Amino acid sequence: MGKYHGQANSVLRPRTTEQVSEIVKYCAHRRIGIVPQGGNTGLVGGSISLQKEIVLSLGAMNNVRSFDPVSGILVADAGCILQSLSDYIAPHNHIMPLDLGAKGSCQIGGNISTNAGGLRLLRYGSLHGTVLGLEVVLPDGTILDQLSTLRKDNTGYDLKQLFIGGEGTLGIVTGVSILTPPAPQATNNIFLALPRFDNVLPLFQIVKRQLGEIMSAFEYIDRTAYDMGLTHGLGPLLDAEEVGDSECFILVETSGGNNEHDLEKLNHLLEHLLTADQPLINTGTLSQSPSQFNAIWAMREGLTECCQKEGKPYKYDVSVPLADFQKVVDAVRERMISKGLYGDHAISKVMGYGHVGDGNLHLNVIAKHGYRPELEAALEPFIYEVVASRKGSVSAEHGIGSMKTHALHYSKSDVSIEWMRKVKQVFDPLNIMNPGKVLP
Ligand code: 2HG
Ligand code: ZN
């Protein structure tokens, strides 16, 4: 994003867990701060060296340790790139339980440390469920080996959960044991244009009811984001005339065991939606080929890059009740208009897209000519207050990093923050592990 500027003057690239342990022992002895870094695709400044801490890059630790094709349990080094792991298990007909736009660069250790959500969470749940075990180098250099491959293990406190989403503040994840689901035999997707945002909720209910167990994603794109995608060469996916003045778009993916059966359900759904007395959609398309399937996904997955091309994006990854998605986006746009900051001279676009099926909105606010303090002052804490007033979360899936430490209190009570501090103190009394991240 060009928003954060690292201060480190050293980057270490260990190849083994023992080397990580040696480095951490040395740093603990000398009180040197360490910033663990994976693929560097985070969006909240979590892997940036703020005060000349060393960067410890996990990228050279990139071996698969084992894969059991019967159980689907994969054990791998933290530095393995998500896409490489998908490629590794594909011949065994398994897929990774998470998928995200950054899959070609992000690393599994970073995914776990940030508790990345992504496009498959609706189907396979969060990493808190799919991660079976972790190997972690603790802040004194001790190696905590909890690389369990057990589905069930109820033997007391589940320490690994603290490192999932811990953003490297409690230790460095060096190895991962993760449950990978069998690859679905059939995947399909549809792309729908909705006349009004108000139709999203009833549509979600109908789609869930009609598709049942085969629904695997339900993604949202508002009109501003869709038009931006078109400008940058994503699509067109639908006939412009039929789209008309549609306010938003929904991508539905199915993953099932029988293509014929799934297509029948999808065709039936589309027909139902188009021929209802008061149709919930203006138009829609069912992908007819792998390339069309990919083109539909590219529209959704490509939006992050399009935002970069438009200017400098302020990114807010929030959880809010589904019904409030558009209200939050509109409230922010209105605020920028009222402050005289909306237009090509300042904020050129305010848009929303995201994982509507999970209640996760990606609010993107484009500063056409770059980040400016007065723009940020108009956006924050306004946005966090709006989210808190709707009992949402200021970070749904990207983490806290260095961007949101001061906003943590909008989503966590004083008691929660106090006990988070105590946990940090127990693990990292010297405060050398990713200092300045997560906790204010
Ligand atoms: C996504 O869902 C990512 O595409 C990035 O979480 C979100 O660009 C964003 O704001
Ligand atoms: Zn996302």
Side-chain angles (χ1 to χ4, degrees), residues 1-4 38-47 82-83 96-107 110-127 165 167 189 191 216-222 224-226 228-229 232 234 248-253 294 296-320 322 325 328-329 332 347 349-367 371 379-380 383-384 387 392-401 403-404 407:
M1 291 187 291
K3 192 173 178 193
Y4 303 99
N40 214 6
T41 61
L43 296 170
V44 290
S47 58
L82 181 59
Q83 182 67 56
M96 293 301 286
L98 81 160
D99 183 27
L100 47 152
K103 57 188 153 236
S105 318
C106 65
Q107 296 168 12
N111 296 149
I112 284 163
S113 299
T114 53
N115 188 21
L119 305 160
R120 286 183 187 153
L121 189 134
L122 183 77
R123 179 61 165 272
Y124 300 111
S126 91
L127 289 165
E167 300 187 45
N189 57 14
F191 195 76
S216 54
F218 192 90
E219 294 283 320
Y220 173 72
I221 300 177
D222 77 6
T224 311
Y226 180 75
M228 174 186 74
H232 295 283
L234 304 174
C248 60
F249 301 82
I250 293 286
L251 183 169
V252 183
E253 184 195 63
N294 292 335
I296 288 179
W297 266 120
M299 167 60 83
R300 171 63 189 83
E301 291 185 290
L303 293 174
T304 303
E305 270 184 57
C306 294
C307 286
Q308 313 287 119
K309 292 179 190 157
E310 287 279 327
K312 290 292 184 189
Y314 288 98
K315 292 187 162 288
Y316 300 94
D317 154 51
V318 298
S319 279
V320 282
L322 205 158
F325 264 43
V328 171
V329 176
V332 173
I347 295 299
K349 283 188 172 67
V350 177
M351 74 188 100
Y353 50 89
H355 319 289
V356 68
D358 306 318
N360 178 185
L361 170 70
H362 292 311
L363 168 66
N364 275 260
V365 182
I366 311 291
Y371 299 118
L379 293 166
E380 298 175 26
I383 290 174
Y384 299 131
V387 169
S393 169
V394 296
S395 176
E397 61 167 4
H398 294 169
I400 295 294
M403 174 187 173
K404 297 182 182 172

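Everything quoted here is computed from the prediction, not taken from an experiment. As the structure lists them, so they are numbered: ligands from 1, and atoms in each ligand from 1.
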Next on the checklist: Heavy atoms only, cut-off 4.0 Å: how does Glu397 contact ligand 1, side chain, backbone, both, or neither?
Outcome noted: side chain

Checklist entry - What are the atoms of ligand 1, with element, lying closer than 4.0 Å to any heavy atom of Arg300? => result 1 (C), 2 (O), 4 (O)

Checklist outcome for this item: Note: ligand 1 atoms sitting under 4.0 Å from heavy atoms of His362 are 1 (C), 2 (O), 3 (C), 6 (O), 7 (C), 10 (O)

Next on the checklist: Between Pro313 and Gln308, is there a side-chain heavy-atom distance shorter than 4.5 Å?
Outcome noted: yes

Item to check | For Leu363 against Val329, the heavy-atom pair lying closest together | outcome: CD1-CG2, 4.0 Å

Checklist entry - At what distance is the nearest protein heavy atom to atom 6 (O) of ligand 1, and which residue and atom is it? => result His398 NE2, 2.8 Å

Next on the checklist: For the residue pair Glu305 / His232, report whether a side-chain donor-acceptor contact shorter than 3.5 Å exists.
Outcome noted: no

Item to check | Parallel, tilted or perpendicular: rings of Tyr384 and Tyr316 (30°, 60°) | outcome: perpendicular

Checklist entry - Does His355 have a non-hydrogen atom less than 4.0 Å from ligand 1? => result yes

Next on the checklist: Is it true that Asn360 and Ser319 share a donor-acceptor pair across their side chains at a distance under 3.5 Å?
Outcome noted: no

Checklist entry - What class does the angle between the rings of Tyr226 and Phe249 fall in, given that below 30° is parallel, 30 to 60° is tilted and above 60° is perpendicular? => result parallel

Next on the checklist: Check this for me: does any side-chain nitrogen of one of Glu253 and Arg123 sit under 4.0 Å from a carboxylate oxygen of the other?
Outcome noted: no

Next on the checklist: Under a 4.0 angstrom heavy-atom cut-off, which atoms of ligand 1 come close to Thr304?
Outcome noted: 4 (O), 5 (C), 7 (C), 8 (O), 9 (C)

Next on the checklist: Within the structure provided, determine whether Leu303 and Met228 are in side-chain contact (heavy-atom separation under 4.5 Å).
Outcome noted: yes

Next on the checklist: I need the contact type for Asn364 against ligand 1. Using non-hydrogen atoms and a strict under-4.0 Å cut-off, is it side chain, backbone, both or neither?
Outcome noted: side chain

Checklist entry - Below 4.0 Å from any atom of ligand 1, is there a heavy atom belonging to Tyr353? => result yes

Checklist outcome for this item: Among the N/O/S atoms of His362, the Zn ion (ligand 2) lies closest to NE2

Next on the checklist: Under 2.8 Å from the Zn ion (ligand 2) - does any N, O or S atom of Asp317 fall there?
Outcome noted: no

Item to check | Heteroatom N/O/S of His398 within less than 2.8 Å of the Zn ion (ligand 2) | outcome: no

Checklist outcome for this item: Atom name of the N, O or S atom of Glu397 nearest to the Zn ion (ligand 2) is OE2

